[in-house]
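Okay, structure first, notes after.
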Amino acid sequence: MPQVTEQDFFGGAIRGVVPQGWIDGSDLREIPDHQELFLSPNTLSNYIIEINQRVSQQDALTTFTTFSHQHLTLTAGSGTAASASTETVDQAAALHHLNDLCDEGDVMQIVVPPTRVEPTRLGASAPPGSSVSAYRGVVQFLSTSRRRGGRVHAPANGATESVTDAAVAGAGLDGTSGAPPVSKVTCHYLMVRLEAQETDLLAFFNVPHEEFDKNGDARGLSREEAVAEETVGALAGQLEIRDWDLFV
């Protein structure tokens, strides 16, 4: 079975887990201050921890109307900002952040809808009066555009770009002869909402299908998906914020 190891993020302000033996992306390239990047030493998969501004209820629900039809569990409690439940708004926020990873023409498909989980360590360490909620799920990104492979490289001009935008890339050929190739990336994710800190903390584990599809390696893809599922599940239980001033 895949194994994870504890890891400090953002200078030790946050502690979580990464798959054993994975490479710290900051050793290879400049990473934006709000992100942490880890790379598989054997595949094109990557793992990103990201601090974002808490998405507003209005923006979240606007995105929600686009995707709620994809899964029956997302339709219950949906509606206007006045009638939407807290859980619906949180689910919508997760889908909003994920949709932000898409380029024009990309399609996001919900595999496992945002499902509430209990961040045990995080809840125990939260300052008095803080509201903490967490959701995990799986989506798949489909694209016919020409994009870079899942391995993230530094821009040629030395500028810093969003790691997340680059990391969801990866080409897995699909379809019939003459049809444009379809890039497939499975994204296992965890979103933690920190209301008092006006922050959404996200973790994305991206599995590009390219190398597995080219080699006809369905078992390899299944194993990689298992690593992603285990890592995100472990993070949900072991994520801990040690310095809440990080969000000030």
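All residue numbers in this chain count up from 1 along the given sequence. Only heavy atoms go into these numbers, but all of them, side chains included; no hydrogens, no water, no symmetry mates.
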Can you tell me how far [atom2] of [Y] sits from [atom1] of [X], rounded to the nearest 0.5 angstrom?
| X | Y | atom1 | atom2 | answer |
| --- | --- | --- | --- | --- |
| Leu28 | Ile23 | CG | CD1 | 6.0 Å |
| Phe141 | Lys184 | CZ | NZ | 15.0 Å |
| Thr88 | Gln57 | OG1 | CD | 10.0 Å |
| Leu98 | Ile110 | CG | CD1 | 9.0 Å |
| Ile48 | Phe38 | CD1 | CZ | 11.0 Å |
| His97 | Gln53 | NE2 | CD | 9.0 Å |

Side chain [X], main chain [Y], donor-acceptor under 3.5 Å:
| X | Y | answer |
| --- | --- | --- |
| Trp244 | Ser125 | yes |
| Thr199 | Gln197 | yes |
| Glu211 | Leu44 | yes |
| Asn99 | Leu95 | no |
| Thr115 | Pro113 | yes |
| Asp106 | Asp103 | yes |
| Ser222 | Ala218 | no |
| Glu36 | Phe10 | yes |

Residue pair [X] / [Y], side-chain heavy-atom distance below 4.5 Å:
| X | Y | result |
| --- | --- | --- |
| Arg193 | Val89 | yes |
| Thr5 | Val18 | yes |
| Leu190 | Val117 | yes |
| Val227 | Ser45 | no |

What are the two closest non-hydrogen atoms of [X] and [Y], and how far apart are they?
| X | Y | answer |
| --- | --- | --- |
| Ala60 | His96 | CA-CB, 4.3 Å |
| Asp24 | Ser26 | OD1-OG, 2.7 Å |
| Met191 | Asp90 | CE-O, 3.3 Å |
| Pro41 | Gly21 | CG-O, 3.5 Å |
| Thr231 | Phe205 | OG1-CE1, 3.7 Å |
| Met108 | Cys102 | CB-SG, 4.0 Å |

Under a single-linkage definition using a 4.5 Å side-chain heavy-atom cutoff for Ile, Leu, Val, Met, Phe, Trp and Tyr, are Val55 and Leu194 assigned to the same hydrophobic cluster?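 In one cluster with Val55: Leu194, no.
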Between Thr186 and Leu221, is a side-chain contact (heavy atoms from CB on, under 4.5 Å) present by the stated rule, with each step listed? CA-CA 10 Å; Thr186 303; Leu221 177 59; 5.7 Å; no
Does Tyr189 have any ring pair (Phe, Tyr, Trp, His ring centres under 6.0 Å) partners at least two apart in sequence or in another chain, and if so, which?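 None.
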What residues, two or more places apart in sequence or in another chain, satisfy ring pair (Phe, Tyr, Trp, His ring centres under 6.0 Å) together with Phe212? none
Could you list the donor-acceptor pairs under 3.5 angstrom formed by side chains in residues 235-242, with sequence neighbours left out?
none

For Asp217, what residues pass the side-chain hydrogen bond (donor to acceptor under 3.5 Å, both in side chains) criterion, not counting sequence neighbours? none
List in chain and number order the residues that pass side-chain contact (heavy atoms from CB on, under 4.5 Å) with Asp245, two or more places apart in sequence or in another chain; answer none if no residue qualifies.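 Testing Asp245 for side-chain contact (heavy atoms from CB on, under 4.5 Å), a comparison that skips the adjacent residues, returns Asp243, Val248.
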Tell me whether Asp33 at atom CG has more than 12 heavy atoms from other residues, nucleotides or ligands lying less than 6.0 Å away. no
In a check of side chain to side chain donor-acceptor pair (under 3.5 Å) between His188 and each of Glu230, Glu225, Glu229, Arg136, which one passes?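 Of the listed residues Glu230, Glu225, Glu229, Arg136, the side chain to side chain donor-acceptor pair (under 3.5 Å) partner of His188 is Glu225.
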Derivation and outcome, side-chain contact (heavy atoms from CB on, under 4.5 Å), residues Leu122 and Leu201: CA-CA 12 Å; Leu122 187 56; Leu201 179 65; 5.5 Å; no
Fellow cluster residues of Val112, listed by chain then number, with links counted only when side-chain atoms sit under 4.5 Å apart: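 Grouped by the 4.5 Å side-chain rule, Val111, Val138 form the rest of the cluster around Val112.
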For a side-chain contact (heavy atoms from CB on, under 4.5 Å) check, start with the C-alpha distance between Tyr135 and Glu87, then their side-chain angles and the critical distance, and finish with the verdict. CA-CA 9 Å; Tyr135 293 78; Glu87 182 163 350; 3.5 Å; yes
Checking side-chain polar atoms at under 3.5 Å, does Asp200 have a donor or acceptor matched by the opposite partner on Asn52?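 No pair is found: no donor N or O on one side chain lies under 3.5 Å from an acceptor on the other.
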